[in-house]
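All remarks here apply to the structure that follows.
In the text below, chain A, chain B and the rest are named by the order of the sequence lines, each starting its count at 1. Note that the structure is a prediction, hence the values are computed from the model and not measured.
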Protein chains: 2
Amino acid sequence: MTENTDLKEYWENKPRLLPNVSIDCVIFGFHDNQLKILLLKYKNTEYYALPGGFINLEEDLSDAALRVLEERTGLRDIYLEQFHVFGKTDRRYDETHRQIMAGNGITMKPNHFLMNRFISIGYYALIDLSKAAPKPDGLSDTCDWYDLYKIPSLIFDHNEILQKALETLRLALDEKLVGFNLLPETFTINEIQKLYETVLNEKLVRSNFQRKILSLGILERIEKKMTGAANKAPYLYKFIGE
Amino acid sequence: MTENTDLKEYWENKPRLLPNVSIDCVIFGFHDNQLKILLLKYKNTEYYALPGGFINLEEDLSDAALRVLEERTGLRDIYLEQFHVFGKTDRRYDETHRQIMAGNGITMKPNHFLMNRFISIGYYALIDLSKAAPKPDGLSDTCDWYDLYKIPSLIFDHNEILQKALETLRLALDEKLVGFNLLPETFTINEIQKLYETVLNEKLVRSNFQRKILSLGILERIEKKMTGAANKAPYLYKFIGE
DNA sequence: CGATTATTGTCACATTTTGATACAATGATA
DNA sequence: TATCATTGTATCAAAATGTGACAATAATCG
């Protein structure tokens, strides 16, 4: 699909996909003390969207989500979870699809695969942002990180989907130890704390946070220390699970 | 669909349903200190299954789930939540469907709606068992409650679906106050405790449980007391939310 | 009718967890 | 060497939880 003719051929014909079902991925990253989300912008439009895709007829649902993720980030072995299915009858967006395709010089037949109601299965992913290499899909020209608190208006019901993903992430952060998927292999306690504060959107007391997180016995202190500013250097840790 | 001819007509023709998508409902009830689940048994077979259904083309996903629930239990305004989507490629059960239909005297064309891969959206429901009036669907002859710990082998991947629903319920019981949906309007503290113990499959200390549950400020003590056995009568409570 | 018995509501005390704050140690810079 | 911001850890109070006990009560039984 590197050539535009391939793209045209792909989208103008009915592909071998499960009809009426799509996948949308909310891909979280963490950088500069900001929680970020990966968004696409479609060519020649002002339409921003979550990365998404469809399910091949001979493809597991979860594999389809992993494939979308790999296509956008270049990453495999990613933390990925379903969080909700969006299934209202009004999830049919013929006109928007038409405009997105028009922006790519593609005209759609009236009975096109996309000209239908879609049920969308929401997945959220937690990745080490520094390892990702965001890549736009064939229909979009950018694939970039956006600060969670500066998200533009998105197409379809994608703002709602994002909101639900965030709620799920906040709950998961408390109950499971998923947060470390957003950090590199090694990190300082302060970095974890900033991550928690950003996701939960609340201040935490440093000493208590440190005591708590260390008491869980899930971190291994690395011998080395960090070099940095004019003060005591923190230890580095790595996550060793439960 | 009371007549068998209607049933035949309904299933032999391609209905106006979303293709490749189904709904399965794990309906929990609580009775005699047992957690129960509603199961169907298909006519003239030994096939047990979770109640399920499909989505009408002009029907919200959640409405479809509510409809299935009402059809099986007679109840509206039910606590209902999605918990997982099951989407492996091998979720295609042509032969079993054929046998179920055969048990109802229906033959299926090779390209029948059901002769396809299905993605199934799992919902779990919590109901006051004493209010439900279980009703089999057109293809089954029984719709009954089964003790969670005595579940027969189910068709398709329904045992796995049930297991996942149970995990979700256990987590939800701790984090939200969903348990009260399984009880009648009024109940004793001991009845709540038995419910928690059964769902979580662990013993709880009576005095601590009572202190904890009362401290939440979610229960209103009813004036009346219960009559019962040769000992002090407990107070009745009702759930008043948060 | 009073004694017995099982269960309930509540309390008392120990232990653990959490909240709030303090302080010495450290690694650069001035 | 003094200064400064940050880190690791300690301290003490408050809240939550674990453990056990006890009086009150509603039937049943002798």
Using whole Å, what does the distance between atom [atom2] of nucleotide [N] and atom [atom1] of [X] come to?
X       : N       : atom1 : atom2 : result
L216(A) : dT18(C) : CG    : P     : 9 Å
Y235(A) : dT9(D)  : OH    : C1'   : 11 Å
N231(A) : dT7(D)  : CG    : P     : 6 Å
R221(A) : dT7(D)  : CZ    : P     : 13 Å
L236(B) : dT8(C)  : CG    : C1'   : 13 Å
E191(B) : dT8(C)  : CD    : C1'   : 14 Å
F209(A) : dA10(D) : CZ    : C1'   : 19 Å
F187(B) : dT8(C)  : CZ    : P     : 15 Å

Would you tell me if any nitrogen or oxygen in the side chain of K212(A) comes within less than 4.0 Å of OP1 or OP2 on dT18(C)? yes
Pair [X] + [Y]: ring centers closer than 6.0 Å:
X       : Y       : result
F187(B) : Y237(B) : no
Y42(A)  : Y47(A)  : no
F118(A) : F86(A)  : no

Can you list every pair that meets side chain to side chain donor-acceptor pair (under 3.5 Å) and has a residue in residues 125-135 of chain A, with sequence neighbours left out? D128(A)-S130(A), D128(A)-K131(A), K131(A)-E185(A)
Nucleotide of dG27(C), dT18(C), dG18(D) approaching R211(B) most closely (side-chain heavy atoms): dG18(D)
Counting side-chain heavy atoms from C-beta on, which of dT10(C), dG27(C), dG8(D) comes nearest to A233(A)? dG27(C)
In residues 196-208 of chain A, which residues come under 4.0 Å of DNA chain C by heavy atom? V205(A), S207(A), N208(A)
Tell me yes or no: between the side chains of T89(B) and D60(A), is some donor less than 3.5 Å from an acceptor? yes
Side-chain ion pair, K164(B) and E160(B), N-O less than 4.0 Å: no
Cation over ring, R221(B) on Y235(B), under 6.0 Å and within 45°? yes
